[in-house]
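The structure appears below as structure tokens.
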Amino acid sequence: MMKAFANLIKKIFAVFPVFFLVCATVSSAQESRSVQIKGSDTMVNLGQAWAEVFMGHHPEALLAVTGGGSGTGIAALLNGTCDIAQSSRKISEKEYALASEKFQNVQEIPTAMDAVAFVVHPDNPVKQVTIEQLSDIFTGKMENWKELGGEDKPILALSRERNSGTHVYVLEDVVRKGNPKGPEEFAPSVLMMPSSQAIEQEVSSNRAAIGYFGLGYLSPHLRALAVREDRTGEFIAPGLESALDGSYPVSRPLYFYLPGEPRGLVKEFIDFVLSEEGQAVVLDMQFVPLRKDAPQV
Amino acid sequence: MRKYYEFVVEGLIFASGIASIIFVLLIFIFLLKEGLMVFRDVGLFDFLFGKFWYPISEPPRLGILPLILGSLWVTVGATIISVPLGIACAIFIGEIAPGWLREILKAGVELLAAIPSIVLGFIGLVTLVPLVKKFFGLPTGLTAIAGSIMLAFMAMPTIVSIMEDALNAVPKGYREGSIAMGATKWQTIHRIVLPSASSGIIAAVMLGIGRVIGETMAVMMITGNAAVIPHTFFQPVRTMTATIAAEMGETVQGSEHYFALFAIGIVLFAITFLVNLLADLSLHRKPVRA
């Protein structure tokens, strides 16, 4: 046991110089071949999948993809600590103004689409809602499942934290019903969950809960509600098809933001993301490809 | 030559000695510089007693009363749970347990202190939260009480180890005298040892509270983070620490929201400073004559 341990230590020390050598070569020779990608938690798995396939074609390239939330990504872009910010919401006017002060030519590139699913416990009898009702639930106007034809139980509304692009998107497009400057707010009693998994965990074990997240997180432990945009429309269940043909009302583009015209490796990466192969990755990851390049489903 | 050497060594030791003070000062100055900027946009009274926290709206509403109360509720709950438990545990370890058991228990308590808070938070999320929901029949288990229970675990090691030191510091003669007078063991502990160690006990409790107020990750994971003004332990709450942790990554440097988070930091700093000061004062108070 002790001997094995000592051997391990020896091995580690033997590898160290090699490791440093490799690091040094990589950082000196390949400095321009590394790209920092940061932002949306919704997109982090997608970004990683793109990066893996891309690095498969370009073994010399180094792409680092990290999450933290869309706001985190855009803040990192402004502070100059990432090359590409992934964002599941549009950059705000304030952020755009700040970015324009620092950079000549801020770029916005839509890369894929995502649908936001509103989920409840599978035993919850409520199966469909309108945008109006969702807004009432999250602003605290509607407090009991009874009002939606469900059980006589207080509604427990769950939201993502404020650093989430999904939070901002739902705030503007659902809570404020498409008017970003509307007066509606999430009620103070809405629980702010630190991640999509935390929402999944709570909804799957709580019959009175309702939460939301991107399509990719749907699981058999939850049921997604069908949503209707206005009084005349139909209730549409969220899914790849309904998001692709645009009939599901709560879907949004996912963006890359860049500080300037893409050049070098960043440009190659973006060309890849927008190519047919890149868009096939989108479909693989349970997101919705951009319509113009969409493969037939 | 030798004198020169002495001088250098003394200088180095002096520098290391005051380094921590300098760091604290620098941190405090930075905190003040960034945090006070928020008061260009919002008055002190509206900041501390505003009931709504909507930092990303236009215009933002920056009232931190729900956050202060959230932190207070969780802390009060954790204190109510951990103090009696901690005191009882320290008495058992320090006064009653036989030598071999004492060592095992001490090691156990120290091990408890070594568990990273995010691990405790994760365990709390999957085990404690559903339990709290079921046990109290609540709409959700993500509540102040779940946070309090989890934080009580984190405060315990601090309380127990400092209190045990305080009990150890009580001169042996006190105990022997008491027993010689015909007092029972419990009478000795309760009438002689505890009063003599009271200042250390207060310090232990204060430092435990300080630990609880500053705790972040576990609280963020299990208290629900809803910025309501809490009325009971069985409601979701949003603490100051969780707010800073959840929102700091997102803010743009130089925005009102960014300054507001630093101002919350000042409030937290002031509270922990006060708590530590109280602990220090009670530690250096002259021991009460038993």
Side-chain angles (χ1 to χ4, degrees), chain A residues 38-39 41 66-79 92-95 97-99 140 143 153-165 167-168 171 176 180-195 197-198 201-209, chain B residues 51-61 63 65-67 70 118 121-122 125-126 129-131 133-134 138-143 216-231 235-239 242-243 245-258 261:
Chain A
K38 193 168 181 150
D41 275 332
T66 48
S70 299
T72 310
I74 291 174
L77 189 77
L78 291 176
N79 300 331
S92 76
E93 276 171 35
K94 232 181 187 176
E95 287 163 338
L98 272 165
E143 292 178 326
K153 267 190 177 162
I155 298 176
L156 179 76
L158 309 175
S159 161
R160 286 290 312 279
E161 267 292 353
R162 294 190 177 88
N163 59 356
S164 152
H167 172 108
V168 177
L171 177 65
R176 291 179 182 160
K181 298 231 183 321
E184 293 93 347
E185 295 280 6
F186 280 104
S189 58
V190 171
L191 270 61
M192 297 287 166
M193 309 297 279
S195 65
Q197 277 99 338
Q201 164 94 27
E202 179 67 14
V203 174
S204 62
S205 67
N206 193 330
R207 291 178 61 160
Chain B
K51 289 182 183 152
F52 295 99
W53 176 251
Y54 285 115
I56 58 169
S57 298
E58 283 296 332
R61 300 177 74 179
L65 187 64
L67 314 180
I118 188 138
F122 190 60
L125 183 65
V126 290
V129 168
L131 204 71
K133 171 173 183 271
K134 214 181 222 169
L138 301 173
T140 174
L142 298 159
T143 51
T216 308
M217 282 319 294
V219 190
M220 183 158 90
M221 292 169 84
I222 60 180
T223 55
N225 300 324
V228 279
I229 295 198
H231 297 289
Q235 257 180 312
V237 294
R238 187 178 183 88
T239 63
T243 305
E247 297 175 11
M248 195 41 118
E250 169 245 2
T251 59
V252 177
Q253 272 185 27
S255 64
E256 276 168 65
H257 187 194
Y258 174 86
L261 293 181

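All chains are named by letter (A, B, ...) in the order of the sequence lines, taking the proteins before the strands, and each is independently numbered beginning at 1. Quick note: numbers below take in every heavy atom, side chains included, and nothing from hydrogens, waters or symmetry partners. Just so we're clear, the structure is a prediction, and the values are computed from it rather than from any experiment.
The 12-atom threshold is not exceeded at CZ of B:F122, counting heavy atoms of other residues, nucleotides or ligands nearer than 6.0 Å. Annotation: B:K51, atom NZ; neighbour count of heavy atoms from other residues, nucleotides and ligands within 6.0 Å does not exceed 12.
Taken to the nearest 0.5 Å, the CZ atom of A:R162 stands 9.5 Å off from the CG atom of B:N225. The CD atom of B:Q235 sits 10.5 Å away from the CG atom of A:L191 when rounded to the nearest 0.5 Å. B:M220 contributes atom CE, which lies 9.0 Å from atom OG of A:S195 (distance to the nearest 0.5 angstrom). Put simply, CD on B:E247 and CE on A:M192 are 8.5 Å apart, with the number rounded to the nearest 0.5 Å. Note that CD of A:E161 and CZ of B:R238 are 4.0 Å apart. Values are rounded to the nearest 0.5 Å. Taken from OG in B:S255 to NZ in A:K94, the straight-line distance is 6.5 Å, to the nearest 0.5 Å.
When the candidates A:I74, A:L156, A:L171, A:L158 are compared by the number of heavy-atom contacts under 4.5 Å with chain B, A:L156 comes out ahead. Ranked by heavy-atom pairs shorter than 4.5 Å toward chain B, the options A:E202, A:Q201, A:R207, A:M193 are led by A:E202. Counting heavy-atom pairs closer than 4.5 Å to chain A, the top-ranked of the candidates B:V126, B:I229, B:T223, B:L142 is B:L142.
In this structure, chain B has a heavy atom under 4.5 Å from the backbone of A:A187, while its side chain stays farther away. Only the side chain of B:K133 comes within less than 4.5 Å of a heavy atom in chain A; its backbone stays farther off. No part of B:P130 comes within reach of chain A, as not one of its non-hydrogen atoms sits under 4.5 angstrom from that chain. Only the side chain of A:R176 comes within less than 4.5 Å of a heavy atom of chain B; its backbone N, CA, C and O stay farther away. Contact annotation for A:N206: both backbone and side-chain heavy atoms come within less than 4.5 Å of a heavy atom of chain B. Both the backbone and the side chain of A:S189 come within contact range of chain B, judged by heavy atoms closer than 4.5 Å.
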